[in-house]
Amino acid sequence: MAPELQYADIRSLRAAYGDGSLLPSEHLAATFALLDRWEPRIGAFLTLARERATAEAEAADRLLHRYGKAVWADRPLLGMPVSVKDLTPTEGIRTTRGSLLHADAVPDRDAPAVARLRAAGALVIGKTNTTEGGWSAAGVNRLQGPTRNPWDPARTPGGSSAGAAASVAVGIGVGATGTDGAGSIRIPASFCGVVGFKPSLGRIPYVPQSPEELSHLGPLTRTVADAALLTQVMSGYDAGDPLSFGVPGEPTGDPEAAAGRLPRLRIGWIPSLGDPAPQPGIAATVRRAVEALAARGHTVEEIPPPFEDPYPALETILAGWEAAAHARDLDEVADRLDPGRLEVIRYGRGLSAARLARAYEARAVLRARSQALMERYDLLAMPTVAIEPFAAELHEPPDPVRKGALSWLAWAPETYTFNLTGQPAVSVPAGRSPGGLPVGLQLVGGRHDDLRVLAAAYQLEQAHPWHHEYAALTAPRPETEGEPT
């Protein structure tokens with residue numbers, strides 16, 4: 001696939017579809033050919049939907065031939081290939097949740113977000129790899145080998161939206177859906193050099209509901225504008241998620257237009273939100289990106305960590321709900337669970353109701369303090385992740401950060417803090433580390449201030465271009481496919 005097609009954004013593909021120089025079916029065939037080249041190297045997919053997607057692409061060809069550009073009014077994603085994280089139900093397509101327990105599960109209906117993507121004309125090409133139930137921020141499960149980072153296949157792409165980020169980085173589709181309960185969209189976005197957006201809690205319905213009120217559904221793309229469009233398509237109330245809000249299909253705003261109207265913003269720059277401190281190369285790369293925002297006229301004020309590390313509350317809430325998921329059948333299924341997740345479940349079974357209540361109280365205090373902070377600043381900026389990607393076979397760094405009884409997510413305070421608050425947050429490529437690996441800058445806004453977050457991210461994308469960096473990702477040669485470098 002030619003690079004200009006491989007990394008094309010939705011606007012460019014619409015133009016090509018509209019003038020007849022490219023058919024959706026031709027683009028889909030090229031997308032699957034690219035996937036076949038990369039998949040032995042990165043292991044991004046658990047299930048493919050070739051036949052269904054091909055039939056839908058051919059139907060898109062006919063619609064474009066008959067109606068031309070008028071189709072974009074009702075189907076803004078017509079013919080656009082996308083992938084869906086394997087935690088999210090897809091009608092008629094195997095949905096394993098990265099678990100041996102669900103290895104053959106095939107849902108009878110789409111999650112609302114997927115149904116809305118389909119209604120907008122998107123082609124679901126397959127289900128991307130995730131850790132079991134999304135329990136860790138890596139790409140390892142017992143169904144297949146680990147997903148690998150395309151920039152360095154010996155390393156993790158991050159997770160748990162591992163396959164989503166890795167596939168988008170190499171040009172497989174215009175975007176992917178991810179889920180984010182403690183950083184699972186933004187961590188892999190940073191590690192793989194793509195845009196990862198966690199909208200305000202409830203903007204995109206999460207069905208089946210995630211009762212711990214930490215998990216968000218959002219897009220991973222190569223451009224901010226594409227992330228905004230996918231978010232708009234998936235957003236709006238659904239009865240299956242009582243936390244959801246808004247009107248399905250209601251425009252949520254154009255980040256490009258909003259970027260042109262942005263006033264001078266007050267940005268709170270937080271070089272480190274806690275332990276671990278950013279590695280020097282990451283700190284320098286992110287600082288340069290923040291300077292690019294300052295050069296746009298925004299006021300950037302460096303501030304110390306504004307909160308106490310909320311990891312103990314996060315650990316308690318997540319472990320409690322992991323335990324609840326297998327409250328009745330743990331003895332029967334323990335041998336089929338990931339050993340790391342099993343440890344979390346067993347820890348959660350020992351927690352008291354009082355301990356859980358205190359964790360929810362700590363979250364309420366954090367939300368109030370965050371809201372007060374956002375009265376002083378329009379946005380917060382910080383590194384998305386403080387460390388470079390670790391080995392692909394691991395669930396956490398080889399030297400665990402200890403903050404509580406368990407350490408599995410303790411190394412990502414910049415991301416998990418804003419799951420507890422429910423604020424919108426985006427990871428945008430900021431450059432590459434001295435070792436050549438992508439580094440992300442995270443921008444965080446006030447609750448429901450999603451468009452401002454995306455508009456500032458768009459400004460950064462224009463001031464600090466990244467798209468050309470994808471040229472460094474060359475599809476593996478057939479004779480070397482599958483061999484990590």
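Positions are given from 1 along the sequence.
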Give a yes or no on whether the backbone of [Y] and the side-chain of [X] come within a donor-acceptor separation of less than 3.5 Å.
X      : Y      : result
Trp466 : Gly193 : yes
Arg222 : His467 : no
Glu39  : Phe45  : yes
Gln144 : Gly43  : yes
Arg296 : Ala456 : no
Tyr416 : Leu409 : no
Asp238 : Pro205 : no
Thr285 : Gly281 : yes
Glu414 : Met382 : no
Ser167 : Ala164 : yes

Nearest-0.5 Å distance, [atom1] of residue [X] to [atom2] of residue [Y]:
X      : Y      : atom1 : atom2 : value
Ser184 : Leu217 : OG    : CG    : 11.5 Å
Ile204 : Leu243 : CD1   : CG    : 14.0 Å
Thr31  : Asp36  : OG1   : CG    : 11.0 Å
Leu87  : Ser161 : CG    : OG    : 7.5 Å
Leu201 : Ser244 : CG    : OG    : 10.0 Å
Leu78  : Leu64  : CG    : CG    : 5.0 Å

Just to verify, what does [X] make a side chain to side chain donor-acceptor pair (under 3.5 Å) with, not counting sequence neighbours?
X      : result
Asp19  : Ser21
Thr421 : Gln423
Gln6   : none
Arg11  : Glu256

Trace of the side chain to side chain contact (heavy atoms under 4.5 Å, CB included) decision for Val84 with Ile93: CA-CA 10 Å; Val84 175; Ile93 304 174; over 6 Å; no
Other residues, nucleotides, ligands: >12 heavy atoms within 6.0 Å of His468 NE2: yes
Mind listing the side-chain donor-acceptor pairs of residues 112-133 below 3.5 Å, one per line with the distance, residues two or more places apart or on another chain?
unit_1 : atom_1 : unit_2 : atom_2 : d
Arg116 : NH1    : Met234 : O      : 3.0
Arg116 : NH1    : Ser235 : O      : 2.9
Arg116 : NH1    : Gly236 : O      : 3.0
Arg116 : NH2    : Tyr237 : O      : 2.9
Arg118 : NE     : Asp110 : OD2    : 3.0
Lys127 : NZ     : Asp86  : OD1    : 3.1
Lys127 : NZ     : Thr88  : O      : 2.9
Lys127 : NZ     : Thr90  : OG1    : 2.9
Lys127 : NZ     : Thr95  : OG1    : 2.8
Asn129 : OD1    : Asn141 : ND2    : 2.6
Asn129 : ND2    : Thr147 : OG1    : 2.9
Thr130 : OG1    : Ser160 : O      : 3.2
Thr131 : OG1    : Trp135 : N      : 3.3
Thr131 : OG1    : Ser136 : N      : 3.4
Thr131 : OG1    : Ser136 : O      : 3.1
Glu132 : OE1    : Asp338 : N      : 3.1
Glu132 : OE2    : Asp338 : N      : 3.3
Glu132 : OE2    : Arg341 : NH1    : 3.0

For Glu91, all residues meeting salt bridge (Lys or Arg N to Asp or Glu O under 4.0 Å), sequence neighbours excluded: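 Scan of Glu91 (salt bridge (Lys or Arg N to Asp or Glu O under 4.0 Å), adjacent residues dropped) gives Arg52.
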Residues that Glu58 engages under salt bridge (Lys or Arg N to Asp or Glu O under 4.0 Å), provided they are two or more places apart: none
Would you say [X] and [Y] make side-chain contact, with heavy atoms under 4.5 Å?
X      : Y      : answer
Leu5   : Leu13  : yes
Val170 : Trp151 : no
Val82  : Leu77  : no
Leu214 : Trp321 : no
Cys192 : Asn149 : yes
Tyr7   : Leu473 : yes
Val286 : Trp269 : yes
Trp38  : Ile172 : yes

Derivation and outcome, side-chain hydrogen bond (donor to acceptor under 3.5 Å, both in side chains), residues Thr223 and Asp9: CA-CA 7 Å; Thr223 71; Asp9 60 6; 5.0 Å; no
Pairs meeting criterion ring-ring contact (aromatic ring centres under 6.0 Å, His included) with involvement of residues 91-112, two or more places apart: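 Sorted pair list comes back empty.
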Residue pairs, two or more places apart or on separate chains, that pass ring-ring contact (aromatic ring centres under 6.0 Å, His included) and touch residues 434-462: Phe245-His448
By side-chain contact (heavy atoms from CB on, under 4.5 Å) - contacts of Ala455 (at least two apart): Ala258, Ala259, Leu262
Pairs involving residues 202-217, ordered by first then second residue, that meet side-chain hydrogen bond (donor to acceptor under 3.5 Å, both in side chains) (sequence neighbours left out): Lys198-His216, Arg203-Asp450, Ser210-Glu212, Ser210-Ser215, Glu212-Ser215
Listed once per pair and sorted, the side-chain hydrogen bond (donor to acceptor under 3.5 Å, both in side chains) pairs that draw on residues 428-440, sequence neighbours left out: Glu388-Ser433, Arg432-Glu469
Side chain to side chain contact (heavy atoms under 4.5 Å, CB included) between Leu379 and His298, intermediate numbers included: CA-CA 10 Å; Leu379 293 174; His298 302 305; over 6 Å; no
Electrostatic pair Asp180-Lys85, nearest N-O below 4.0 angstrom: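 Not counted as a salt bridge, because no side-chain N and carboxylate O are separated by less than 4.0 Å.
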Trp411 and Phe390 aromatic ring geometry - parallel, tilted or perpendicular at 30°/60° bounds: perpendicular
Phe197 vs Val453, side chain to side chain contact (heavy atoms under 4.5 Å, CB included): CA-CA, chis, key distance, verdict: CA-CA 9 Å; Phe197 182 47; Val453 171; 4.3 Å; yes
Evaluation steps, side chain to side chain contact (heavy atoms under 4.5 Å, CB included), between Val290 and Leu441: CA-CA 8 Å; Val290 172; Leu441 169 70; 3.8 Å; yes
